[in-house]
Structure formats: C-alpha cells, structure tokens
Amino acid sequence: MNENLEEKKKGKYILIRDGDEEDNELGGLFYKPLPCFGFGMGWLSFLVGFVFPFAWYFATFLYLTNYYRRDPRERSGLAASAIAALIFSVALVITVLVLVFSCR
C-alpha cells in the first residue's frame, strides 16, 4: 500500500484493476454484438416500422417495460421507435378526423 502512495505522489499511473473478461463486473456484456444483425431491437424496429408501423409499437412496449436494462445500447433505438409511434399515431388520428368530417 505504501508503494502505491509513493507512486501516486511521483505522478505515475497506478493500475487499479487487471483481469480477464470473467473478472469484469459487466461480464463482457459490451463485447458481444447487438442482436438483429448488429442493429439491436430498437433500431431494427425503427427501420422496419416504415414498412410495418406495428414494429414501432412493439419497440415502444419494450421501451416502456425497461428492456434496455439488459443492454443500455438498446435505449436510443427503442426511444426513437417510441417517438416514431407517437408521431404516426397523431398523424393517423388527424387523417381519420379529416376524412370523417370532410364527408359531411
């Protein structure tokens, strides 16, 4: 311990932790590629949602159930899908209201 203090006073770097992936707290979580061709569930749902909007609602459900706690890298894609689902829903409601009231 005294050696570390002496090295710190000299301005040298101290190695805090050295270990393999097995010793890592995260267990090598971020070394693994994301599912769905490396895009992750969120971004893949976002892209597929332009053809099948139900994918945005599926990703919104995952976002609201904290699916991103498994892998925080999923959070941005799931949030983007949730925003896209909201915009699509508002546009759909406005379109239906315009069509209903324009026929009268």
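If you're wondering where the values come from, they're calculated on a predicted model, not measured in any experiment. In what follows, every heavy atom counts, from backbone to side chain, and hydrogens, waters and symmetry copies are set aside.
Put simply, the side chain of Ser81 never gets that close to the backbone of Thr60: no donor and acceptor are under 3.5 Å apart. Side chain of Glu74 to backbone of Met41: a donor-acceptor contact under 3.5 angstrom is found. A donor-acceptor pair under 3.5 Å is absent between the side-chain atoms of Trp56 and the main chain of Ala82, judged by distance alone.
Annotation for Ala84 and Phe46: closest pair CB-CE1, 3.9 Å, computed over non-hydrogen atoms.
When the side chains of ILVMFWY residues are joined at heavy-atom separations under 4.5 Å, either directly or via intervening members, Phe101 and Ile94 end up in two distinct hydrophobic clusters. Under the 4.5 Å side-chain contact rule for hydrophobic residues, Leu92 and Phe50 share a cluster. Val51 and Val48 end up in the same hydrophobic cluster when Ile, Leu, Val, Met, Phe, Trp and Tyr side chains are linked at under 4.5 Å. Residues Leu97 and Val90 do not share a hydrophobic cluster, defined by chaining ILVMFWY side chains whose heavy atoms lie under 4.5 Å apart. Linking ILVMFWY residues whenever their side-chain heavy atoms come closer than 4.5 Å, directly or via other members, places Leu62 and Leu64 in the same cluster.
Atom OH of Tyr67 has more than 12 heavy atoms from other residues, nucleotides or ligands within 6.0 Å.
Expressed to the nearest 0.5 Å, how far CZ of Phe52 lies from CG of Leu47 amounts to 13.5 Å. Note that the CG atom of Leu78 and the OH atom of Tyr63 stand 8.5 Å from one another [nearest 0.5 Å].
In this pair, Tyr57 and Phe88 present their aromatic rings perpendicular. The plane angle is above 60°, beyond the 30 to 60° band.
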